[in-house]
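Accompanying notes for the structure given below.
These numbers come from a predicted model, not from an experiment. Both backbone and side-chain heavy atoms feed into the values below; hydrogens, waters and symmetry mates do not. Order of the sequence lines fixes the chain letters, A, B, ..., with proteins taken first and strands second; residue numbering starts at 1 for each chain.
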Amino acid sequence: MASVSVPRKRRVHGMLKLYYGLNEEGKTVDQAESLDPCDINGPHFDPEVYLNKLRRECSLGELMDQESCMVKQIRSLDSDMQTLVYENYNKFISATDTIRKMKNDFKKMEDEMDCLTTNMAAITVFSARISGTLQDQHAQITKLSGVHTLLRKLQFLFELPARLNKCLELQAYAQAVTSHRRARCVLQQYSHMPSFRGIQDDCHAIMDKLAQELRQKFRDGGSSAKDLSECVELLLQLDEPAEELCDKFLTHARSLSATPTAGTDILEFIDRGCNEFVSSLCLVIASYQELFVNRPQESNLAYKNIPQMAVGKLHAFVDSLAARYFSLVERRIQEEKSVGDNSLLVRALDRFHRRLQAVAKLLPGSAVPSQGTEIVVRAARERVKQYLAALQSFYLDSLTDVRQALAAPRLPELLSSLSASILNQIKTVLASVHLFTAKDITFSNKPYFKGEFCSQGVRESLVVNFIKFVCQSSRQFCESAVDRGGSTPPALLLLLSRLCLDYETSTISYILTLTDEQFLVQHHSPVTAVTALCGEAREAAQKLLNHYVKVQGLIISQMLRKSVETRDWVNTIEPRNVRAVMKRVVEDTTSIDVQVGLLYEEGVRKAHSSDSSKRTFSVYSSSRQQSRYTPSYTPSAPMDTNLMSNIHKLFSERIDIFSPVEFNKVSVLTGIIKISLKTFLECVRLRTFGRYGLQQIQVDCHYLQMYLWRFVSDENLVHFLLDEIVGSTAHRCLDPAPMEQSVIEVICERG
Amino acid sequence: MEDDAPVIYGLEFQARALTSQTAESDAIRFLVGTQSLKFDNQIHIIDFDDENNIISKSVLQHEAGEIWHISASPADKAVLTTCYNINWSFGALGVQNASESRVVTSSAVWRMPPEWESGSHESPDDPHNSHNPQSLDLLCHLDNSAHGNASCVLWEPMGDGKRVISLADNHALLWDLTESSTQATISSSATLEGKGQLKFTSGKWSPHHNCTQLATANDTAIRGWDLRTMKQIYCIENAHGQLVRDLDFNPNKQYYLASCGDDCKVKFWDVRNISEPVKTLEEHSHWVWSVRYNHSHDQLVLTGSSDSRVILSNMVSISSEPFGHLVDDDDLSDGEDNHNDEKTKEPLQDSIISMYEEHEDSVYAIEWSSADPWLFASLSYDGRLVINRVPRALKYRILL
């Protein structure tokens with residue numbers, strides 16, 4: 001029993017719930033989805049299945065519990081329903097009461113409406129009667145007023161010639177034209193009547209005269225653009241041919257537009273140009289459009305193609321005028337060569353560009369603004385080129401300055417001031433160029449200035465080109481000087497080498513980062529990489545330093561060579577002193593050492609023994625023994641000395657004389673000393689020595705050894721070369737009787 | 001490639017003078033003159049057996065003095081000239097009065113004794129023969145005591161061995177030799193005049209223009225002379241940054257000249273336009289002492305330097321032979337005109353073929369063999385003579 005009644009009540013309850021909108025969103029979803037026939041709240045509930053399931057699954061106790069629970073639920077549902085039914089009943093009763101009250105009210109209203117209808121009928125009857133009585137008088141009045149207007153018109157017609165004359169006298173052309181226009185049609189229509197014909201003829205004559213006068217005025221010029229446009233308007237109303245008028249108007253306007261005169265200052269020039277030319281051009285365009293293009297279409301068919309014709313003419317006119325103006329402006333901009341103050345030019349260009357926007361607004365299809373932008377772009381490009389040239393000349397100038405200041409031993413200050421001034425100059429130039437892209441400049445948002453100008457213009461053709469120029473000019477110092485015997489002072493080479501090296505390590509990346517940041521460069525097109533530039537700078541630095549070594553080595557070499565070549569070594573006297581040239585060599589080497597030390601770091605050297613300066617010449621001492629103990633003629637005897645030096649060579653590495661040096665002091669000095677000593681060796685081999693000649697060379701070499709070892713990275717190198725020199729001298733000696741080592745030392749220490 | 005391995009020969013003395021035996025076209029033979037102040041100097045005749053890679057030598061005594069320059073007659077195998085130092089104090093041990101000693105460089109024409117070739121071939125390691133070598137026969141002195149120290153003697157290229165030029169200090173002397181070469185007379189001379197002590201360092205007799213031109217080097221300048229008038233015809237001032245050490249004429253292109261010097265460079269000149277060198281090589285790391293064109297393939301250029309290296313370069317772009325082709329001798333005059341056209345057709349690559357590092361001392365002399373165009377010798381100061389070949393791959397590329 002209970003199980004059957006439960007679903008029906010559920011359904012009823014559900015419907016009620018639906019009615020009162022009690023359905024909750026979440027629940028409906030749940031119900032819709034539950035297909036379980038055992039779900040007592042689900043729509044697919046099957047009592048049979050449910051009961052069977054219960055019976056199957058539950059114990060008796062549970063069944064009892066289930067039953068009591070269910071009965072409890074049923075009961076609560078029953079009471080719910082009773083409450084709902086009661087509420088419904090109450091609402092129904094109140095609705096019935098309302099309907100009854102409405103019925104009573106409507107009856108009263110009906111009566112009042114009837115009364116209104118009768119009253120209206122009475123009013124209609126009265127009104128009809130009144131209008132009937134007034135009919136006659138009304139017709140008469142209408143007729144009279146018609147006659148009156150006709151008479152007034154006639155009077156106007158008759159007075160027209162006189163009035164027109166008067167207008168002509170007063171030069172009130174506009175009024176005359178309006179009057180004539182009003183009368184024209186009528187006169188045309190009634191021209192068969194002689195009196196009207198007369199009037200018409202008179203009017204024609206007067207109007208012709210007027211037109212003549214207007215044309216005269218038009219032609220005269222001297223009148224303002226506004227006057228002119230008035231004239232044209234009137235002439236147009238007088239059916240003058242529009243095309244001819246256009247032409248005349250434009251010819252006139254052409255003479256009107258004053259050509260800007262060459263001012264002193266670009267800003268002033270552009271200002272004047274803008275004020276005089278652009279504004280009058282704008283005025284002309286505006287009035288022209290007013291007159292010919294935007295005329296109301298009420299005019300007759302002949303005017304139909306006027307706008308197109310007029311616009312075409314206008315474009316041609318504006319273009320030709322603008323071309324003249326642009327060529328003037330461009331010539332003026334090209335005159336702007338001084339790179340001192342860029343802001344003036346930028347402001348002038350900005351104004352120029354801004355004013356052209358007005359033309360663009362007036363004449364949408366015109367090529368003028370884009371041409372103007374092109375001029376600005378060209379000017380900017382030209383400007384960048386000028387700045388590059390200025391930077392380059394600045395660089396060369398500062399090099400000249402440095403060259404003059406080289407005499408004083410202030411290389412580090414010179415270097416820092418040079419590099420600082422160059423950097424400063426670059427920054428100034430960047431700042432000036434940056435004006436082109438400032439936010440308040442109208443053309444800065446053009447795509448050219450946003451993209452290409454920054455990356456190709458400023459970064460590539462200004463900054464990168466300048467850096468390349470620096471490297472290039474440095475390299476030129478190396479190349480040109482080789483053939484012309486070193487016109488460049490060596491200190492300058494050293495300075496430039498350091499400069500290039502500094503560029504490689506920091507300056508280049510700094511400058512490029514600065515540029516990129518300032519100009520927000522977006523690399524659309526491939527740009528030169530920092531590493532490539534750095535590589536170039538390093539190469540230049542290396543080349544310069546190599547060249548420096550070469551030049552300095554050459555200077556010392558020349559001294560040594562002269563000293564060897566010009567002396568008669570066979571007939572020289574017993575050595576008492578170290579030759580002055582050796583002291584010169586040591587002095588020069590020391591001063592080079594100081595010079596290089598100012599700019600370059602010390603560098604690494606191999607550990608050396610404390611008694612380096614005391615070393616004796618191993619090769620020579622052995623050959624001395626050989627010659628002492630061998631018989632006078634055996635071919636194998638010289639072989640032994642050869643063997644000694646060959647064995648020596650086996651253990652020493654091959655020495656590259658003009659090899660690239662590293663960027664430090666020791667390496668540079670090593671290079672210079674290598675070149676000098678090798679020259680010494682080669683020169684010695686070309687001479688023949690007497691006994692004292694050999695001894696002199698011994699003394700000289702010992703002296704060099706005492707002082708030169710400290711400059712080089714590997715003292716063995718100096719030893720080796722000096723050994724070679726003494727060894728070769730011994731070979732080239734007619735009477736090889738060497739000096740005692742102790743005597744040599746005494747002489748050298750005496751200086 | 002064991003055939004390409006260098007063959008090394010060691011002399012007991014230091015040496016600077018090397019020449020190939022110009023008149024010999026079958027055997028590969030080089031002449032080396034030694035430099036020794038203490039012992040008798042020698043001329044080593046080095047024969048190279050190409051097939052077996054064996055060197056054999058003969059030694060001739062040159063008692064006159066140490067040899068600075070040697071040059072073989074183009075007509076007679078047995079005739080050669082040397083420039084040598086005469087030390088007046090030589091032999092007088094322990095000269096006390098030093099003012100008497102003097103060093104003078106002189107030059108002379110010699111004839112090798114006829115026997116040297118017939119039987120006295122010896123292996124280099126045979127010590128006995130060297131004790132009793134034969135001497136050169138003096139034909140005549142190129143007596144130039146009036147003109148100063150001789151720096152080199154040049155034979156007329158491809159001539160009949162009757163004319164030589166000797167360069168002595170600032171004089172260039174043209175000598176005529178008699179039939180037997182026993183007498184020499186100066187036929188004409190030229191003198192270099194200018195500021196300071198001018199001195200010819202080296203020279204070359206041009207094989208072109210019917211052998212009427214001579215090029216000389218002094219200090220940094222290269223000068224051309226017309227031998228008919230003995231007048232200077234061109235002068236390349238500052239041809240090198242420093243001293244010019246050697247010259248050589250392109251054997252196939254009459255206006256082309258190679259020079260080398262102390263600025264480590266080798267330069268190629270067109271003497272018709274001397275303002276700029278046609279080409280510059282900068283491969284050596286010290287002075288370049290000698291430069292030689294290959295006699296038949298003038299793109300092969302050999303240089304020797306005091307950095308102990310010998311470099312063989314392939315200068316295709318300025319050679320008479322278009323790359324990869326051999327020009328017949330008849331076409332040589334045209335070859336030069338065609339050259340520019342060829343150049344535009346294909347980019348020619350100049351390159352270093354190889355760098356020979358067998359020497360351990362300065363290389364002062366290099367010479368191509370007159371018999372085998374693919375073979376050359378180089379001589380370093382320590383007396384080491386190295387015979388090398390052009391790499392086989394390149395040889396075939398040039399030939400085929």
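- The side-chain hydrogen bond (donor to acceptor under 3.5 Å, both in side chains) search around D262(B) returns R561(A), R245(B), not counting sequence neighbours.
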Any chance you could lay out the side chain to side chain contact (heavy atoms under 4.5 Å, CB included) test for R732(A) and E66(B), step after step, and finish with the verdict?
-> CA-CA 10 Å; R732(A) 305 281 324 137; E66(B) 52 173 6; 2.5 Å; yes

Starting from the C-alpha separation in whole Å, work towards a yes-or-no answer on side chain to side chain contact (heavy atoms under 4.5 Å, CB included) for H731(A) and L37(B).
-> CA-CA 7 Å; H731(A) 278 302; L37(B) 291 164; over 6 Å; no

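- Between the OG atom in S728(A) and the CG atom in D382(B) there is a gap of 10.0 Å [rounded to 0.5 Å].
- Atom OG of S362(B) and atom CZ of R685(A) lie 4.5 Å apart (nearest 0.5 Å).
- For the atom pair CG (L681(A)) and NE2 (H286(B)), the distance works out to 8.5 Å, reported to the nearest 0.5 Å.
- With 3.5 Å as the limit, one finds no donor-acceptor pair spanning the side chains of E682(A) and Y381(B).
- With rounding to the nearest 0.5 Å, the separation of OG in S285(B) from CD1 in I675(A) is 10.0 Å.
- For chain B, no part of S557(A) is nearby; none of its heavy atoms comes within less than 4.5 Å.
- Residue E282(B) touches chain A through its side chain alone, counting heavy-atom pairs closer than 4.5 Å.
- Checked against ring-ring contact (aromatic ring centres under 6.0 Å, His included), F689(A) has the following partners two or more places apart in sequence or in another chain: W569(A).
- We find the CH2-CG distance between W68(B) and L686(A) to be 5.0 Å, quoted to the nearest 0.5 Å.
- When heavy atoms are compared at a cutoff of 4.5 Å, I573(A) does not approach chain B at all.
- Heavy-atom neighbours of E662(A) CD from other residues, nucleotides or ligands within 6.0 Å: at or below the threshold of 12.
- Of the possible polar contacts, none joining the K678(A) side chain to the W287(B) backbone as a donor-acceptor pair under 3.5 Å is found.
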